[in-house]
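First the structure, in the form of structure tokens, and then the observations on it.
Convention: sequence-line order gives letters A, B, ...; per-chain numbering from 1.
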2 protein chains.
Amino acid sequence: MRLPVRRAMEVCPVEVAVSVLGGTWKLTLVKHLLGGTRRFNELGRLVPLANTKTLTRQLRELEEDGVVRRVVHPEVPPRVEYSLTELGRSLEKIVLAMDTWGAAFAQRSTDRRGRTVDVP
Amino acid sequence: MRLPVRRAMEVCPVEVAVSVLGGTWKLTLVKHLLGGTRRFNELGRLVPLANTKTLTRQLRELEEDGVVRRVVHPEVPPRVEYSLTELGRSLEKIVLAMDTWGAAFAQRSTDRRGRTVDVP
DNA sequence: CCGCATCCTTTTTGATACTG
DNA sequence: CAGTATCAAAAAGGATGCGG
């Protein structure tokens, strides 16, 4: 992860996508943001295993890469809203495909407890 | 990355996919294996930034997760062939979507050298 | 409420050299 | 050819406390 775009492109476009999206929670964050604008702590509740530090950094990286937009409302108490840019929304197909695949994988690894391996 | 499937499922199916596919070179390896069976050093040439140790571990993890099949031919010199299982081939849509997205992202970050940010 | 700072631990990746 | 061993570095993750 975090390979500069230039280097990644030398290898493969897939590597570019991995270096942008490869953080542990990034694609899950994008998935939730596909449902609309979310506040910081709201995202924290949706992704309960990530702590605030990790959450902040991943959101900032997504912001730097133009996937997420962050809007600070100058109020007390503060309100910070995250949403997807157009680039971020263009990830919808990938996110949904991974959601489906992940669910199938989980199902499969629940099923096969002590069974023989696949013969293609 | 490397969150156990059970834990990942508590958060989101996307997290399951990320924990299986999240290694730095895994999706690129899968992409190359979509083109057919490949030998170890052949994959090493296709992914020149990964060293043999990293390559080995990622391939083994993909094997453990049922994505890749590894066949050792007992010859001298040794020949070890990697290919995708059915589960691995089911990643085709995801890999191609990421390939496309990564190429567009690279294009975009080449384009915008000192331009204004997007207004959705 | 939204984080940043600090300090610390764990995981992942890498360079290099060497073996069956 | 296809790795493993060793050593080293970096990246990521986490707990806790403070500040605007």
*Which part of the nucleic acid does L49(A) contact within heavy-atom distance under 4.0 Å: base, sugar-phosphate only, or nothing?*
sugar-phosphate
_hbond_proxy K53(B) side chain to dT6(D) base (donor-acceptor, 3.5 Å cutoff)_ = yes
*Do the charged groups of E61(A) and R57(A) touch, with an N to O distance under 4.0 Å?*
yes
*At how many degrees, to 10°, do the end axes of the helix from dC1(C)-dG20(D) to dG20(C)-dC1(D) meet when each uses five pairs?*
50°
*T56(A) side chain N/O closer than 4.0 Å to the phosphate oxygens (OP1, OP2) of dG3(C)?*
no
*Rounded to the nearest angstrom, tell me the gap between atom CD in E75(A) and atom C1' in dG20(D).*
15 Å
*Send over the distance from E81(A) CD to dG3(C) P, rounded to a whole Å.*
11 Å
_Options dC2(C), dG3(D), dT12(C), nucleotide nearest the side-chain atoms of F40(B)_ = dG3(D)
*Within the pair R70(A) and dG3(C), is there a side-chain N or O less than 4.0 Å away from OP1 or OP2?*
yes
*asked:* Counting only side-chain nitrogens and oxygens, does Y82(B) get under 4.0 Å of the OP1 or OP2 atom of dC1(D)?
replied: no
*Polar side chain donor-acceptor pair, T54(A) to W25(A), under 3.5 angstrom*: no
*asked:* In whole Å, I'd like the distance from the NE2 atom of H73(A) to the C1' atom of dC1(C).
replied: 13 Å
*Do NZ/NE/NH1/NH2 and the carboxylate oxygens of D65(B) and R2(B) come within less than 4.0 Å?*
yes
_Taking the side chain as everything from C-beta on, heavy atoms only, tell me whether L43(B) gets closer than 4.5 Å to L33(B)._
yes
*E15(B) and T28(A): side-chain donor and acceptor closer than 3.5 Å?*
yes
*Less than 4.0 Å between a side-chain N and a carboxylate O, is that true for E10(A) and R7(A)?*
yes
*Which nucleotide sits closest to the side chain of T54(A): dC1(C), dT12(C), dG14(D)?*
dG14(D)
*Record whether the side chain of N51(B) comes under 3.5 Å of the base of dA15(C) through a donor-acceptor pair of N or O atoms.*
yes
_Short side-chain N/O contact to dA2(D) OP1/OP2 from R60(B), under 4.0 Å_ = no
_Are M98(A) and C12(B) packed together at the side-chain level, in the sense that at least one heavy-atom pair is separated by less than 4.5 angstrom?_
no
*Using a cut-off of strictly less than 4.0 Å, decide whether R79(B) has a side-chain nitrogen or oxygen near OP1 or OP2 of dA2(D).*
no
*What integer distance in Å separates L3(B):CG from dG14(D):P?*
8 Å
*Mind checking W25(B) for me? I need base, sugar-phosphate or nothing, with any heavy atom below 4.0 Å counting as a touch.*
sugar-phosphate
_Heavy-atom pair with the smallest gap, counting every atom of L21(B) and L27(B)_ = O-CG, 4.0 Å
*Check the distance between dC2(C)'s P and R38(A)'s CZ and give it to me in whole angstrom.*
14 Å
_Using a heavy-atom cut-off of 4.0 Å across all strands, would you classify Q58(A) as base, sugar-phosphate, or nothing?_
sugar-phosphate
*Roughly, in whole Å, what's the span from CG in L43(B) to P in dC1(D)?*
14 Å
*asked:* Just to be sure I understand the rule, does T52(B) reach a base, reach only the sugar-phosphate, or reach nothing, if contact means heavy atoms closer than 4.0 Å?
replied: base
*side-chain N/O R57(B) vs dT13(C) OP1/OP2, d < 4.0 Å*: yes
*asked:* Distance check needed: dA15(D) P versus L55(A) CG, whole Å only.
replied: 14 Å
*Let me know the distance between CZ of R2(B) and C1' of dA12(D), rounded to the nearest Å.*
15 Å
